[in-house]
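Have a look at the structure below before the remarks.
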Amino acid sequence: MSSNFCQIAIAGNIGAGKTTLTKKLSEDLNIKPIFESVDDNPYLENFYSDMSRWSFNLQIFFLHKRFSNQLELINSKQSFVQDRSIYEDKEIFAKNLNDMKLMSDVDWDTYCNLFNDMIQFIDQPDLIIYLKASTSTLISRIKNRKRDFEIDISPEYIHSLNIYYDKWISKIDKNKVLIVDSDNFNIFKDIDKYIDIKNSILRKVPILC
């Protein structure tokens, strides 16, 4: 951790509530937010229509956007909270696509080489907040937010991502992880739970106090 700034990543599957928590924490902790590139992403709709055709394009777009945004704030020495980390791109989404044979081995190797070059220029998060949720909860939230390109996301795809998330989180230093059960968590109504989460963050990242 830098003596001047810190990095927090909000990790979690599609529909876990990352964007909402990112926004809330950035306001309450007075740190910069980095939001995931969804509205300006030219590949998302095509990806969900034809995953094997667009998987590499989509993952490269996310990788570049996350790297570029993170590098800018690191260079400016500002503390920030990030809606999904660059490490999830590789260890969860791109890896899952390759394992499902929806990203070719050649594309996967190219992606990994680029990723390995990029992470030499950034630091790992000081804290990863993992919003853990069941497949049924995630599917319900995805349907409720009514994004056209997400209509046909299958429970099987979401479930496979959950498995990869659990494996990835289990390998990270427990001192750098805060796991939040988000199945029944409403950030706007469950005020006490949100305060507990914020206090846990401040204990793990005291520079924010």
Side-chain angles (χ1 to χ4, degrees), residues 9-23 33-73 80-119 121-122 128 130-169 182:
I10 311 296
N13 207 334
I14 303 165
K18 300 180 301 300
T19 302
T20 303
L21 183 59
T22 297
K23 185 175 187 298
I34 300 179
F35 294 107
E36 189 167 40
S37 296
V38 173
D39 293 337
D40 64 338
N41 192 318
Y43 298 109
L44 264 175
E45 188 171 350
N46 289 329
F47 169 73
Y48 284 117
S49 297
D50 188 348
M51 287 186 171
S52 61
R53 165 62 182 85
W54 295 102
S55 61
F56 182 70
N57 305 68
L58 178 73
Q59 293 307 312
I60 289 294
F61 179 87
F62 275 132
L63 186 68
H64 170 256
K65 280 289 187 178
R66 241 180 284 280
F67 174 74
S68 177
N69 290 335
Q70 190 170 343
L71 193 62
E72 179 182 349
L73 287 179
F80 61 86
V81 54
Q82 187 171 23
D83 177 354
R84 188 171 282 142
S85 71
I86 196 171
Y87 302 96
E88 293 162 76
D89 284 331
K90 175 178 179 283
E91 298 297 336
I92 313 299
F93 291 88
K95 182 169 175 49
N96 181 51
L97 287 167
N98 176 245
D99 288 348
M100 293 174 69
K101 307 303 180 186
L102 294 172
M103 180 187 289
S104 71
D105 289 340
V106 172
D107 284 347
W108 168 244
D109 288 343
T110 300
Y111 179 95
C112 289
N113 290 334
L114 180 59
F115 173 87
N116 290 334
D117 286 341
M118 283 180 165
I119 60 170
F121 297 95
I122 60 176
I128 295 173
Y130 173 39
L131 296 181
K132 186 178 175 68
S134 66
T135 300
S136 59
T137 293
L138 295 169
I139 290 295
S140 176
R141 290 177 183 168
I142 290 168
K143 288 181 178 179
N144 286 338
R145 66 188 186 185
K146 297 178 180 177
R147 291 175 177 168
D148 290 342
F149 57 82
E150 292 180 341
I151 289 175
D152 296 324
I153 293 181
S154 70
E156 291 78 16
Y157 178 64
I158 295 298
H159 181 66
S160 68
L161 293 175
N162 262 354
I163 292 172
Y164 280 78
Y165 262 108
D166 288 340
K167 289 180 180 177
W168 174 62
I169 287 292
S182 69

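Between A11 and I128, the closest heavy-atom pair is CB-CG2, 3.7 Å. Nearest heavy-atom pair, N116 versus I119, reported as atom, atom and distance to 0.1 Å: O-CG1, 3.6 Å. Between P42 and D40 the shortest heavy-atom distance is CD-O, 3.3 Å. Residues S160 and N96 come closest through the heavy atom pair OG-ND2, 3.4 Å. Across N13 and R84, no two heavy atoms sit closer than the pair C-NH2, 3.6 Å. Closest non-hydrogen pair, P33 versus T22, comes out as CB-CG2, 4.0 Å.
By the 4.5 Å heavy-atom criterion applied to side chains, K132 and I169 are not counted as neighbours. Using a 4.5 Å cut-off on side-chain heavy atoms (C-beta onward), Y43 and I60 make no contact. Inter-residue side-chain proximity for I10 and T19 is flagged as unmet; no heavy-atom pair is nearer than 4.5 Å. No side-chain heavy atom of M51 sits less than 4.5 Å from a side-chain heavy atom of M100. Between E45 and D148, the closest side-chain pair of non-hydrogen atoms is not below 4.5 Å.
Going from atom CG of L58 over to atom CG of L63 covers 11.0 Å, rounded to the nearest 0.5 Å. In this structure, L161 CG and I153 CD1 are separated by 9.0 Å, a value rounded to the nearest 0.5 Å. For the atom pair Q59 CD and W108 CH2, the distance stands at 9.5 Å (nearest 0.5 Å). For the atom pair OG (S140) and CZ (R145), the distance works out to 11.5 Å, reported to the nearest 0.5 Å. Remark: T137 OG1 to I142 CD1 distance equals 10.5 Å, nearest 0.5 Å. Between atom CD1 of residue I122 and atom CG of residue N69 there is a gap of 11.5 Å, rounded to the nearest 0.5 Å.
Proximity of a side-chain donor or acceptor of S154 to a complementary backbone N or O of Y157 within less than 3.5 Å is detected. Panel note: side chain T110, backbone V106; a donor-acceptor pair is recorded below 3.5 Å. With hydrogens and angles ignored, the 3.5 Å screen pairs a side-chain donor or acceptor of E88 with a backbone N or O of S85. Using a distance-only test at 3.5 Å, with no hydrogens or angles considered, no donor-acceptor pair links the side chain of S68 to the main chain of K65. No donor-acceptor distance shorter than 3.5 angstrom exists from the side chain of D89 to the backbone of A94, with no hydrogens or angles considered.
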query = Should N46 and R53 be marked as a side-chain contact (heavy atoms from CB on, under 4.5 Å) after you check the CA-CA gap, both sets of side-chain angles, and the distance that decides it?
reply = CA-CA 9 Å; N46 289 329; R53 165 62 182 85; over 6 Å; no
task = Verify side-chain contact (heavy atoms from CB on, under 4.5 Å) between F93 and F62, making sure each step is shown before the conclusion.
result = CA-CA 10 Å; F93 291 88; F62 275 132; over 6 Å; no
request  = Show your reasoning for whether side-chain contact (heavy atoms from CB on, under 4.5 Å) applies to Y111 and K90.
outcome  = CA-CA 8 Å; Y111 179 95; K90 175 178 179 283; 3.8 Å; yes
query = Taking it one step at a time, do L97 and F47 satisfy side-chain contact (heavy atoms from CB on, under 4.5 Å)?
reply = CA-CA 11 Å; L97 287 167; F47 169 73; 3.9 Å; yes
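Each of L138, I139, I158 was checked for a side chain to side chain contact (heavy atoms under 4.5 Å, CB included) with I14, and the lone residue meeting it is I158.
Ring-plane geometry between F149 and Y48 is classed as parallel, the angle between the planes falling under 30 degrees on a 0 to 90 degree scale with a further cut at 60.
A salt bridge links R66 with E36: the distance from a Lys NZ or Arg NE/NH1/NH2 to an Asp or Glu carboxylate oxygen falls below 4.0 Å.
Side-chain N/O atoms of D50 and S52 include a donor and acceptor closer than 3.5 Å.
Here D105 pairs with N98 under the side-chain hydrogen bond (donor to acceptor under 3.5 Å, both in side chains) rule; sequence neighbours left out. Residues passing the salt bridge (Lys or Arg N to Asp or Glu O under 4.0 Å) test with K23, sequence neighbours excluded: E27. Applying the ring pair (Phe, Tyr, Trp, His ring centres under 6.0 Å) rule to Y165 yields the partners Y130; only residues at least two apart in sequence or on another chain are considered.
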